[in-house]
Amino acid sequence: MRGAAAIVGFAEMPTRRTYEGRTALGLMAEASRDAMADAGVRKEEIDGLVVEGGSFYPAPIGEYMGLNPNFVTGVSTMGASGATATSVAAMAIYSGLATTVLVTLSEARQAGSPWGSPPTPGLRTEFEDPYGPAVAANTGYGLMYSRHMHEYGTTQEQLANIAVNQRFNALENENAVFRGQPIEIDDVLNSRYINYPIRLLESVMPCAGGSAIILTSAERAKSLKNNPVYILGAGIACDPLSGWQRERLTRSVVTRSAPIALGMAGYGPSDIQFAQFYDCYTILHAVCLEDAGLVPKGDIGPFFASTDTTYKGEFPINTDGGQLSCGQPGDAGGFRHVIEATRQIMGRAGVRQVERNDLCLVNG
């Protein structure tokens with residue numbers, strides 16, 4: 001599949017706490033319209049549609065937007081849905097099932113909407129929720145965080161750099177919910193615990209928003225107006241949801257997905273120039289960077305304490321601010337990493353533009 005498909009257009013709605021009076025379908029339609037215009041393709045040329053399938057079916061979305069695609073599917077990998085959907089769209093183009101594919105995800109959160117849901121029956125137990133379910137995934141990642149500190153000596157001060165650096169990246173991002181609101185290490189460490197050792201500023205804020213990308217064949221991409229962003233490799237894997245069912249709490253499924261993607265692309269971790277990594281919590285972000293081979297296992301704390309990961313730094317990560325500083329529009333939150341990688345490789349990030357922008361590793 002290496003280089004068979006390319007992203008040729010994108011659009012991102014500004015992330016907000018709420019979009020009052022708007023629906024998820026409406027946000028997807030607006031982002032999709034803008035992505036088509038950005039790519040320079042007509043609606044009639046879209047013959048593939050991939051959406052987040054856990055909450056939305058492709059058929060009503062296609063009907064709402066007046067599309068008649070030959071290939072449709074919905075993927076449901078929670079926060080990884082955006083990256084997975086992009087991979088599936090590239091696979092469809094590579095296999096000949098479609099020539100031009102729209103990928104779109106959104107969340108239309110209203111004021112007062114609850115965040116988090118009861119545990120999935122049979123998947124959460126007395127080992128992880130002894131006092132009842134916690135909001136979102138706080139308990140599981142709190143356990144991962146505690147274990148990482150125990151095994152490797154990682155400190156909260158070290159991982160606070162993740163939130164600080166990403167907030168710097170978001171300061172001039174017009175789509176970020178925390179635009180123009182800087183934070184320092186002490187701000188992170190003085191924010192309240194939401195599930196020890198996770199603090200408030202190490203966790204995402206529930207928001208609303210929507211995004212879309214257009215993919216087409218590598219051959220056709222050459223004739224369109226934007227610099228193509230080629231999909232060079234992809235890897236998709238999963239582990240048990242329950243932490244106690246995994247071999248190690250401090251190891252993620254990225255140990256399996258990243259080698260597949262890198263092997264398909266023909267590159268190694270040392271070749272990567274910048275990264276966009278899933279960041280619902282600082283600890284998951286940290287563990288995934290290790291498991292992708294970008295940082296030796298157990299060294300992520302010292303890495304963040306000594307490395308400038310802002311868009312101006314030696315190894316830029318989450319150059320738009322990530323979910324921690326831009327907000328997380330539900331399962332569409334992880335899609336922003338695909339959008340920002342596209343923006344950077346196209347050379348359209350403005351003041352946030354990284355100097356070396358040819359090769360990015362995206363994690364969902």
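Please read these numbers as outputs of a predicted model, since none were measured by experiment.
Side-chain contact annotation: N165 with T310, donor-acceptor N/O pair under 3.5 Å absent. Under the 3.5 Å distance criterion, with hydrogens and angles disregarded, a donor-acceptor pair is assigned to the side chains of T319 and E340. Defined by atom type and a distance below 3.5 Å, a donor-acceptor pair is present between the side-chain atoms of T139 and N195. In the model, H148 has a side-chain atom that pairs as donor or acceptor with a side-chain atom of T154 under 3.5 Å. Judged by distance alone, the side chains of E314 and T307 never bring a donor and an acceptor atom under 3.5 Å apart.
Side-chain atoms of L97 and N70, non-hydrogen and from C-beta on, never get closer than 4.5 Å to each other. Using a 4.5 Å heavy-atom cutoff, the side chains of M65 and T104 are in contact. Taking 4.5 Å as the limit, every side-chain heavy atom of F178 sits out of range of all side-chain heavy atoms of N173. Taking 4.5 Å as the limit, some side-chain heavy atom of Y311 sits within range of a side-chain heavy atom of F168.
With respect to the salt-bridge test (charged N to carboxylate O, under 4.0 angstrom), the residues R179 and E172 do not qualify. A salt bridge links D239 to R256: at least one charged side-chain nitrogen sits closer than 4.0 Å to a carboxylate oxygen.
With sequence neighbours left out, the salt bridge (charged side-chain N to carboxylate O under 4.0 Å, His left out) criterion links R16 to no other residue.
The aromatic rings of Y141 and Y281 sit tilted relative to each other, their planes meeting at an angle between 30° and 60°.
For residues 38-65, the set of pairs meeting the salt bridge (charged side-chain N to carboxylate O under 4.0 Å, His left out) definition, not counting sequence neighbours, comprises D38-R348, R42-E44, R42-E45, E45-R220.
Atom OH of Y94 has 12 or fewer neighbouring heavy atoms from other residues, nucleotides or ligands inside a 6.0 Å radius.
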